[in-house]
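Note that the numbering runs from 1 along the sequence shown for the chain.
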Amino acid sequence: TYTYQDTSAPVFLSISVAGNLITVTFSEPVCRLAAWVDADWNINNISSGTVNIVESGDTIPICTAARDNAASTATIVMPTNVTPGAFLEVTLNETVLGAGTNTSIIDVSSNAAAAPQARQATATAPETVAPTVTSASGAVGALSVTVNFSEPVYCTLATAASWTLSDNNTATTDPTVTAITGCGAGQLTADGSIGLTTSFGLPADTTYNLSWLTGANQIQDVAGNDLATCNPCTTFVTGAADFTPPTMIDARLTNNAGPSSDFVEAGDAFSVTFSEKMNAAATTISIQDQDGTTATITCGTNATCSWNTATTTTVLTVTLTSALVPNLGTTPGMQIPFNITAFTGVTDTSSNPPNVLGSSDRLVDYE
């Protein structure tokens, strides 16, 4: 079996011009090794005699480690509109050490784009089709709603009060939209979706109508068209309530400080991984070893308890801060391995307490 390496440089194929936007197309997906610089492109308006137009930037994405965000088309934003009918030439410049390439722009195999290359086009009038809302979604208990659009949009003077949510039920209180998140501030940061922060968590099994009470220059597509008024724009359902309790899927000792091999000294620690996201509350944990010795660990009293809140909030790490005083069984001390027998004060995000006895792993040992 042979694996052939891609050594072909991506080629700058074509341009189209409308308003202050130049759409550039490459022969294959590309991304940037570094942020945009004006020297990458040279723009000349042949009709007006304007040369070296300083663009505001382009939308070629900065490369991820896997190059999985590369795109074959991108947009160059100019400071002003070009008159329809004007003839423009756009050149992808060679970088100083490029040797026939632009080393800032690469394909997924890290081949630099061939340069210099020039392409020409006649400017047309900007498109005038207003962007629309295509869908929305909100999870049970979430404090946010995701709104998707027919094309990328950005926010300038957008206000949260222009969005409304209604379940068409006079017996309930509708959430208000308190903030807009994820909406870029200009043409270069336009995106196909935004987030709406709600005043309370969304209830289960509820159908909401999402409406937009439009305002001029609030949310626009890259051509400057205002988001179309819609009442409602779309409808979504929050989904069924969660009544399934979380379980422990992994329990293991993470430190045995000594001098004894029992779980009794300050610094002894274990971790518990739950089957779903938890509420990260302080908790009390009951444990029991194989000979019947029991003990109670209280977060903030005789132990520190930390959650992996930066990722999924599913892993709880418990570290003793003082000597554990167990209720003695046959043998003194809390022997390892030991079982977790109960939690109090901790639940999943739907307020379901853990099903300890039904967990696949509640034995803390030397895994």
Side-chain angles (χ1 to χ4, degrees), residues 64-66 139-144 197 200-201 204 241-367:
T64 62
V140 177
L143 290 167
S144 64
T197 303
F200 57 81
D242 174 17
F243 297 110
T244 303
T247 59
M248 294 179 290
I249 58 175
D250 183 73
R252 63 182 62 204
L253 194 75
T254 57
N255 189 55
N256 190 232
S260 79
S261 60
D262 293 342
F263 189 81
V264 291
E265 287 93 7
D268 287 353
F270 67 90
S271 68
V272 179
T273 302
F274 290 91
S275 58
E276 59 181 298
K277 188 174 181 179
M278 305 297 283
N279 64 8
T283 184
T284 298
I285 307 160
S286 299
I287 60 177
Q288 179 178 340
D289 70 11
Q290 305 301 305
D291 71 354
T293 301
T294 62
T296 300
I297 301 170
T298 303
C299 297
T301 300
N302 61 348
T304 59
C305 300
S306 60
W307 294 85
N308 62 332
T309 52
T311 52
T312 59
T313 323
T314 57
V315 180
L316 171 65
T317 300
V318 180
T319 305
L320 295 181
T321 55
S322 60
L324 186 66
V325 181
N327 299 311
L328 298 181
T330 305
T331 303
M334 179 58 62
Q335 297 179 351
I336 301 170
F338 57 87
N339 278 302
I340 298 172
T341 57
F343 282 95
T344 59
V346 64
T347 65
D348 65 14
T349 55
S350 298
S351 300
N352 299 304
N355 179 2
V356 175
L357 295 179
S359 295
S360 59
D361 185 7
R362 60 190 185 97
L363 181 68
V364 177
D365 52 10
Y366 291 100
E367 292 189 48

Verdict with supporting geometry, Val364 and Ile287, side chain to side chain contact (heavy atoms under 4.5 Å, CB included)
CA-CA 9 Å; Val364 177; Ile287 60 177; over 6 Å; no
Qualifying salt bridge (charged side-chain N to carboxylate O under 4.0 Å, His left out) pairs with a residue from residues 244-262, counting only residues at least two apart or across chains:
Asp250-Arg252, Arg252-Glu367
Between the side chain of Thr301 and the main-chain N/O of Ile297, is any donor-acceptor distance below 3.5 Å?
no
Residues in side-chain contact (heavy atoms from CB on, under 4.5 Å) contact with Val325, at least two apart in sequence or another chain
none
Can you tell if the side chain of Phe263 reaches within under 4.5 Å of the side chain of Leu320, non-hydrogen atoms only?
yes
Within the distance-only criterion (no hydrogens, no angle test), does the side chain of Gln335 pair as donor or acceptor with the backbone N or O of Gln290 below 3.5 angstrom?
no
Using a distance-only test with no angle check, is there a side-chain donor-acceptor pair under 3.5 angstrom linking Asn327 and Thr294?
yes
Keeping Thr293 on the side-chain end and Met334 on the backbone end, is there a donor-acceptor pair under 3.5 Å?
no
Across all chains, not counting sequence neighbours, the side-chain contact (heavy atoms from CB on, under 4.5 Å) partners of Ser350 are Asp242, Asp348, Asn352
For Thr304, does its backbone N or O pair with a side-chain atom of Thr321 as donor and acceptor, under 3.5 Å?
no
Does some side-chain heavy atom of Thr312 sit less than 4.5 Å from a side-chain heavy atom of Lys277?
no
Under a 3.5 Å cutoff, is there a donor and acceptor pairing between the side chains of Asn355 and Thr247?
no
